[in-house]
Asker: 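Below is a structure I'd like to ask you about.
Letters go in sequence order (proteins before strands), and every chain restarts at 1.
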Amino acid sequence: MQYDHKAIEANWQKHWAENQTFKASNHSDKPKYYVLDMFPYPSGAGLHVGHPLGYIASDIYARYKRHKGFNVLHPQGYDSFGLPAEQYAIQTGQHPAKTTEENIKTYRRQLDRIGFSFDWSREVRTSNPEYYKWTQWIFIQLFNSWYNKDSDKAEDISTLVSIFETAGNKKVNAVSDDEIQSFTAAAWKKFSKKKQEEILLQYRLTFLSETEVNWCPALGTVLANDEIVNGVSERGGHPVVRKKMMQWSMRISAYAQRLLEGLNTIDWPQPLKDSQTNWIGRSQGAMVSFKVLPNETSEEKEGTLSYKKIEEIKELRQNSPKATSALWDVLRKKKGAVKFRQQYILGDFLTDFVCFNKKTIVEFVGKEDEIARANYFASEGYTVVYITNDEVLENIDTVLSKINNGIQFPKIAEQQKVAKKKTKKGVSTPINHQIEVFTTRPDTIFGVSFMTLAPEHELVSQIVTDKQKKAVNEYIEATAKRSERDRMADVKTISGVFTGAYAEHPFTGKKVQIWIGDYVLASYGTGAVMAVPCGDQRDYDFAKHFDIDIPNIFENADISEEAHEGKEGTVIANSDFLSGLKYKKALKLAIYELEKRGIGYGKINYRLRDAVFSRQRYWGEPFPVYYKDGMPQMIDVKHLPIALPEVEKYLPTEGGDPPLGRAEKWSWNTKTNEIVDNSLVISSKSSRAESRGEKSKDNGIYPLELNTMPGWAGSSWYFNRYMDPTNSEEFASKEAMDYWKDVDLYIGGSEHATGHLLYARFWQKFLFDRNIVPVDEFAKKLINQGMITGTSAFVYRLNTTQLKQSVFVSKSFIEKAIKEKKSITDYPEYEKIRPSIVDSNKDKKGVFSFATDGETSWSSFIPIHSDVSFVNTSDELDIEAFKNWREEYKDAEFISEEDGTFKVSREVEKMSKSKYNVVNPDAICEEYGADALRLFEMFLGPLEQSKPWKTSGISGVYSFLKKLWKLYHSGDEGTFVVSEDKATAEELKTLHKTIKKVDEDIANFSFNTSVSSFMIAVNELGALKCDKRAILEPLAILISPYAPHIAEELWNKLGHTASISTAEFPVFDGKHLVESSKNYPISFNGKMRFMLEFPLDMNKEELEKAVLANEKTIAQLDGRTPKKVIVVPGKIVNIVG
RNA sequence: GCUCAAGUGGCGGAAUUGGUAGACGCGCUGGAUUCAAAAUCCAGUUCUUUCGGGAGUGUGGGUUCGAUUCCCACCUUGAGUACCA
């Protein structure tokens, strides 16, 4: 019998299915092992050969682990909610459930053909109500939880309520919305129910908020950041704009730090960890608040405060008399509200000390222009406290109290009240604003020479001076118009506008200009930066562009060309108390000082934003939520699942509501706990009720949420469901989860690094906090399989309008024309077909007037993808098949090679339907079999690497399978024969060499090299004519994870009734590999020249002697004396001459 | 720009506690078998050569008796990210 892959594979696939060979048990004495693939989205295109790569690898691993005595869980399912089915539904009206069902059937058929050892009894589908019941359940758990920073975990919302009831919220240390009013326990109890709910919503782990979202008008939905690529939607490439919408969000930011730390405990690929680290974007630094100076003072001095003048002031400072410095010491160290600046320009006068906040000036008496000064200061509303040098030097405390008495406390307090009122009304007020900034370099704070706010920053309109108002508004408008995409496109352009306002430097008291610029992002940090042009390139560029001062605060740093961004080794200079310190120390001291003076504090910032969880789509999980008085209410878990309603169309409503807005029966009856008809809703104050008109009485029927959950909801916990997939009482039983715990090996694509894999870790940690799952990381080890790229085929069409039909030109013909710099018309091949292709009615002039240089002549051809199935392994195109492919090519003409063939050019591209380069695994299974496909996909190269598919290569593994088959069969008939004789030493050596290699390779996930060693083993055993059961039986087990069908067939023929999948893996025995001699490579100056065989037990000296005595060595040395001889017994001999 | 990964024959790739570069396979060349083809089998296949040899793992340096492997600088390609303060 010859090797008949079709019969063998069909037979065993049927056998495995019927006997449930791979069904995993939740009760076993064996150790558990959980091997998981990222479940697929069942697309309409079906599988191509690139898809199963990871599944084959995980299947090999799962089968190997079974041989090694593990109880293996290896499930599969479908991520079956998603956009393509919905898009198809919009176009055709076909219900997405139906499309999905059909696609799943195709997937299953294709997967079954490849012989995977999946336990299909555990299949899950995210779009199945029995599954999404639990997705909704998790959502409710999140809603009922808050993040307690003190215990550093999520807790039930009831613990938060009890804190509120006893102590208000002052001491609550939670991850919550940014702005929360504080209240006492008494106040909490007095709040209305609705008010309490509003407050709680600000703490819940899933919450409703008006968020600026990525709105994609073409898709009619909101997209997550990871669903946007280069400013357009990942699917379809539609433009995306920013829009404010009421959305559900997930407080993933609460877990930022733990998500980061958890990476150290899991064995995931470094690049993937890096990109999660990057995405979380932890940066350590400080918050610093800058006071905005009142406009009256700053505005008038605008222009007079030149940098030259500042330099003068600096000079003056250094020359301060003793008394001045003594007083300054005291004033400066004084904490709190009363903050003085030293020697500051006010109008045309240089003050000794001034406090802008309290409008108080402290002056030494005896200035030449005393009267003019006094008048000016008074007119500006300042109080002046006069002191003398002697007073200061004699008793500085008396002076201090004198100053304190003079400070305008009451007046200012009043002023502030007025200002606050004004602000509330929207009237701009020049005083008492603070700008909070986040910085990672508080050590460079003395280098601040200006500040920049994001154009959207809320303070901009309040601090801008009348003079600058116009320019600022114009700039803000211009920025708002620019889309994200435009902004990204020109990173280089520096733009910004001065607001006219100034802030006060918290340490030096120096005036700092406040600018706005779109290089500052409203969404990161506080939307404002303190600009340190000498230490940050963007600030530097901005300062250069607008001619702003760039003070240097680094020792020995050249900042004439660019900013000095280095940290290590940098010494801070010109920075008061920080001068002379290195980066690390300066950083710590700066934060310490900021905290001490109450003007800032150390802080860790994360780039990770809370995840928007609402989608305006139909084909997703509905929220178990209804609205009462505008507040969201969870439906009791015992009424889950809330199943998707039927709609007549899958588009958003005319009113802009999501597709669920079209459902007629989509309201919740809180009395009967049923979904009821919308017309029954008469309760007031719900957003939808309002639009339908107010009704008189609340009947307990409320509108349901119209959004659905995003694609990542169902995939964020499915690995837990496989442990107990049919449980209708629980998410999964505690017993099952305690047994399986987590995924031991997870295989899937790296494209999910910042999506699925981050969200899944987040949910797992949350579920862990709430004692639902036993571990807080769901996958111990993860491997990213590389992509299998396709080899596209291109044909070239002449690009002219004056032809009756398409004309295609063979590959080398075009290459020739380009090389020879000629036009196609210069060749006789063209003349032959010319009469039949040129339309005589059209102008013939310049039909093929190509430019003669190589580059531009290409523009006269258009490369067109040909379906790869029309091309054979020698790149020849099947012209007839190509013509029949498309109506437009029916009469096409072809200019062929000289040998009459027509060749295509090849290019490696991503495998995709639109590039006509997909290879269907079904066709491969048909022709070569699943075992050949599995071996070949592994043989292509390292699992993690991306590699091109070339079908021609499969003949190698196919003939390997035939040779393997032959080892167990003999004669022309191919009768199955094995001998019971003892195996020879040589045969045992081959076997054990292979066992060792395969064991190591699987441990390293180096599947490509084990296929090589199988080939070597079979070649060697073939040469030895080995037919011993003692060798061939273990060999079948070795190969069975890779090529399970042929192995199972041979195993059966060897007389076993049980499946090979449970056979024990052969054990390596080193004694078969022991050698007595070694063929030494003899090298001269490191270059190997020849081999000499010596016994392995020879020592260094003996070896050296023997080698030097050898005639080949003597010949190679040619009379020279070796300087040195390196002998490594068992390895090499190197002679240095 | 930043972060990461990778550069080895015509092609996919192998070789790392530093020790014979190109395993294994595809493709190609020649031969056997065949009326012929497919299939199968045998031999060869890094480049170069005056057939002694010489050169060679992206480029240039370095460490070493010896470097694809370690170190430094650079170039190229791919992936991710994008004004993150």
Asker: Within residues 435-445 of chain A, which residues have any heavy atom lying less than 4.0 Å from an atom of RNA chain B?
Answerer: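 Here the set is F438(A), T439(A), T440(A).
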Asker: Evaluate side-chain contact (heavy atoms from CB on, under 4.5 Å) for I266(A) paired with L782(A), printing each intermediate quantity in order.
Answerer: CA-CA 8 Å; I266(A) 49 181; L782(A) 182 135; over 6 Å; no
Asker: Nearest whole Å is fine: how far is rC2(B) P from R607(A) CZ?
Answerer: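 Rounded to whole Å, this separation is 17 Å.
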Asker: Looking only at the side chain of W279(A) (C-beta and beyond, no hydrogens), which of the listed nucleotides rU81(B), rC24(B), rC65(B) gets closest?
Answerer: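 Looking only at heavy atoms from C-beta outward on W279(A), the closest nucleotide is rU81(B).
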Asker: Look through every strand shown and name the nucleotide pairing with rU64(B) as Watson-Crick or G-U wobble, where both distances are under 3.5 Å.
Answerer: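 rU64(B) is paired with nothing.
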Asker: Between rC28(B) and rC11(B), how far apart are the two C1' atoms, rounded to whole Å?
Answerer: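 Those two atoms are separated by 11 Å.
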Asker: Does rA82(B) have a Watson-Crick or wobble partner in any strand here, with both distances under 3.5 angstrom, and which is it?
Answerer: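 None - no nucleotide pairs with rA82(B), as no candidate has both distances under 3.5 Å.
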Asker: Measure the distance from OH on Y524(A) to P on rA82(B) and round it to the nearest whole Å.
Answerer: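 Going from Y524(A) (OH) to rA82(B) (P), I get 14 Å.
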Asker: So, is rG52(B) syn or anti if syn means the angle is within 90° of 0?
Answerer: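 Glycosidic conformation of rG52(B): syn.
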Asker: Look at the side-chain N and O atoms of S283(A) and state whether any lies under 4.0 Å from the OP1 or OP2 oxygen of rA85(B).
Answerer: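 Answer yes for this pair, as a side-chain N or O of S283(A) is under 4.0 Å from OP1 or OP2.
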Asker: Quote, to the nearest angstrom, the C1' distance that separates rC26(B) from rU45(B).
Answerer: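 rC26(B) and rU45(B) have their C1' atoms separated by 13 Å.
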Asker: Only pairs with both distances under 3.5 Å count, Watson-Crick or wobble alike; so what is the partner of rU34(B) in this structure?
Answerer: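 Partner of rU34(B): none found under 3.5 Å.
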Asker: Which residue, S1013(A), S1012(A), S1006(A), forms the side-chain hydrogen bond (donor to acceptor under 3.5 Å, both in side chains) with T1009(A)?
Answerer: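 Going through S1013(A), S1012(A), S1006(A) one by one, the side-chain hydrogen bond (donor to acceptor under 3.5 Å, both in side chains) with T1009(A) is satisfied by S1006(A) alone.
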Asker: Checking base pairs now: Watson-Crick or wobble, both atom distances under 3.5 Å. What partners rA5(B)?
Answerer: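 When the pairing criteria are applied, rU77(B) turns out to be the nucleotide that pairs with rA5(B).
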Asker: Pull up the glycosidic torsion of rG27(B) and say syn or anti, syn being anything within 90° of 0.
Answerer: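 Anti, since the glycosidic angle lies more than 90° from 0.
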Asker: Going by atom types only, do S750(A) and N784(A) share a side-chain donor-acceptor pair under 3.5 Å?
Answerer: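 Side chains of S750(A) and N784(A): no pair found under 3.5 Å.
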Asker: Using the C1' atom on both, measure rA21(B) against rU46(B) and round to a whole Å.
Answerer: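 Their C1' atoms lie roughly 10 Å apart.
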Asker: For rA5(B) versus rA85(B), give the span between their C1' atoms, rounded off to a whole number of Å.
Answerer: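 Pairwise C1' distance, rA5(B) against rA85(B), rounds to 29 Å.
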Asker: Would you call K6(A) and D4(A) a salt bridge, taking side-chain N to carboxylate O under 4.0 Å as the test?
Answerer: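 D4(A) and K6(A): not salt-bridged.
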Asker: Hey, do the aromatic rings of F446(A) and H505(A) have their centres closer than 6.0 Å?
Answerer: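 Under 6.0 Å, so yes.
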Asker: What's the gap between rG13(B) and rG7(B) when it is taken at their C1' atoms, as a whole Å value?
Answerer: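 About 13 Å, rounded to a whole number of Å.
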Asker: To the nearest Å, give me how far apart NZ (K950(A)) and P (rG10(B)) are.
Answerer: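 Checked: the NZ to P distance equals 13 Å.
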Asker: Just call it for V1128(A): base, sugar-phosphate, or nothing, with non-hydrogen atoms closer than 4.0 Å on any strand.
Answerer: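 The answer is base, as V1128(A) lies within the cut-off (heavy atoms under 4.0 Å) of a base atom.
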Asker: Return the value, rounded to whole Å, for the distance between atom CD of E1000(A) and atom C1' of rA14(B).
Answerer: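 After rounding, the gap between these two atoms is 15 Å.
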Asker: Can you measure from CG (L259(A)) to CG (L608(A)) and round to the nearest 0.5 angstrom?
Answerer: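 So the CG of L259(A) and the CG of L608(A) are separated by 7.0 Å.
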Asker: Using Watson-Crick or G-U wobble geometry with both distances under 3.5 Å, which nucleotide pairs with rU29(B)?
Answerer: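 WC or wobble partner is rA43(B).
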Asker: Does the side-chain contact (heavy atoms from CB on, under 4.5 Å) test come out yes or no for I1135(A) and S1083(A), once each step is laid out?
Answerer: CA-CA 6 Å; I1135(A) 298 164; S1083(A) 51; over 6 Å; no
Asker: Nearest-Å distance, CG (L943(A)) to C1' (rA5(B))?
Answerer: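 Result: 15 Å.
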Asker: Would F438(A) and V288(A) satisfy side-chain contact (heavy atoms from CB on, under 4.5 Å), going step by step from the backbone distance to the final call?
Answerer: CA-CA 6 Å; F438(A) 175 74; V288(A) 185; over 6 Å; no
Asker: Hey, is the side chain of D274(A) pairing donor to acceptor with the base of rC4(B) inside 3.5 Å?
Answerer: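 In this structure, the two groups form no donor-acceptor pair.
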Asker: Return the nearest nucleotide to the side chain of S1012(A); candidates are rC24(B), rG12(B), rU17(B).
Answerer: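 For the S1012(A) side chain, the nearest candidate turns out to be rC24(B).
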Asker: Pick the closest RNA chain B nucleotide for I1132(A) and for N278(A) by heavy atoms, then say which residue is nearer the 5' end.
Answerer: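 Going by which nucleotide is closer to the 5' end, it is N278(A).
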Asker: To the nearest Å, how far apart are I1135(A) CD1 and rU20(B) C1'?
Answerer: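 The distance from CD1 of I1135(A) to C1' of rU20(B) comes to 14 Å, rounded to the nearest Å.
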Asker: Select base, sugar-phosphate, or nothing to describe what Q945(A) touches, counting heavy atoms under 4.0 Å on all strands.
Answerer: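 Result for Q945(A) = sugar-phosphate.
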Asker: If the P atom of rU33(B) is compared with that of rC42(B), how far apart are they to the nearest Å?
Answerer: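 rU33(B) and rC42(B) have their P atoms separated by 15 Å.
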Asker: Mark up nucleotides 39-58 of chain B, 5' to 3', with B wherever a protein heavy atom is under 4.0 angstrom from a base atom, S wherever such an atom reaches only the sugar-phosphate, and - elsewhere.
Answerer: SSS------------S-B--
Asker: Nearest-nucleotide wise, let me know which of P948(A) and P271(A) is further upstream toward the 5' end of RNA chain B.
Answerer: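 Taking each residue's closest nucleotide, the earlier one in sequence belongs to P271(A).
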Asker: So does S495(A) get a backbone contact from the side chain of Y475(A), meaning a donor-acceptor N/O pair under 3.5 Å?
Answerer: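 Pair found, side chain donor or acceptor close to backbone of S495(A).
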Asker: Are F450(A) and F542(A) close enough that their ring centers fall under 6.0 Å?
Answerer: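 For F450(A) and F542(A), the ring centres are under 6.0 Å apart.
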Asker: Between E944(A) (CD) and rC4(B) (P), how many Å, whole number?
Answerer: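 Taking atom P of rC4(B) as the reference, CD of E944(A) is at 19 Å.
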Asker: Using atom P of each nucleotide, how far apart are rU50(B) and rU40(B) to the nearest Å?
Answerer: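 So the two P atoms sit 38 Å from each other.
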Asker: For the backbone of I252(A) and the side chain of D610(A), can you confirm whether one donor and one acceptor N or O come within less than 3.5 Å of each other?
Answerer: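 Present.
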Asker: Which one, rG19(B), rC83(B), rG25(B), comes nearest to the side chain of M1015(A)?
Answerer: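 Nearest to the side chain of M1015(A) among the choices is rG25(B).
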Asker: So, K996(A) and E1000(A), do they make that salt bridge, N to O below 4.0 Å?
Answerer: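 Result for this pair is yes, salt bridge flagged.
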Asker: Mind checking the C1' distance from rU68(B) to rU8(B)? Whole angstroms is fine.
Answerer: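 It comes out at 7 Å once rounded to the nearest Å.
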Asker: N1019(A) side chain: which of rC65(B), rC83(B), rC24(B) is closest?
Answerer: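 That would be rC24(B).
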Asker: Measure from the side-chain heavy atoms of K947(A) and tell me the nearest of rC26(B), rG13(B), rG25(B).
Answerer: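 Looking only at heavy atoms from C-beta outward on K947(A), the closest nucleotide is rG13(B).
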Asker: Across all strands shown, which nucleotide pairs with rA21(B) by Watson-Crick or G-U wobble geometry, both distances under 3.5 Å?
Answerer: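 Looking at the geometry, rA21(B) pairs with no nucleotide.
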Asker: Using only side-chain N and O atoms of N1008(A), determine if any of them is under 4.0 Å from OP1 or OP2 of rA14(B).
Answerer: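 For rA14(B), OP1 or OP2 has a side-chain N or O of N1008(A) closer than 4.0 Å.
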Asker: Sequence neighbours left out, what passes salt bridge (Lys or Arg N to Asp or Glu O under 4.0 Å) with K989(A)? Give chain and number order.
Answerer: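 Once residues adjacent in sequence are excluded, the partners of K989(A) under the salt bridge (Lys or Arg N to Asp or Glu O under 4.0 Å) criterion are E1075(A).
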Asker: Counting only side-chain heavy atoms from C-beta out, which of rG13(B), rC83(B), rC24(B) sits nearest to P942(A)?
Answerer: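 Of the options given, the side chain of P942(A) lies nearest rG13(B).
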Asker: Which whole-number value in Å describes the distance from D1001(A) CG to rA15(B) C1'?
Answerer: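 Answer to the nearest Å: 12 Å.
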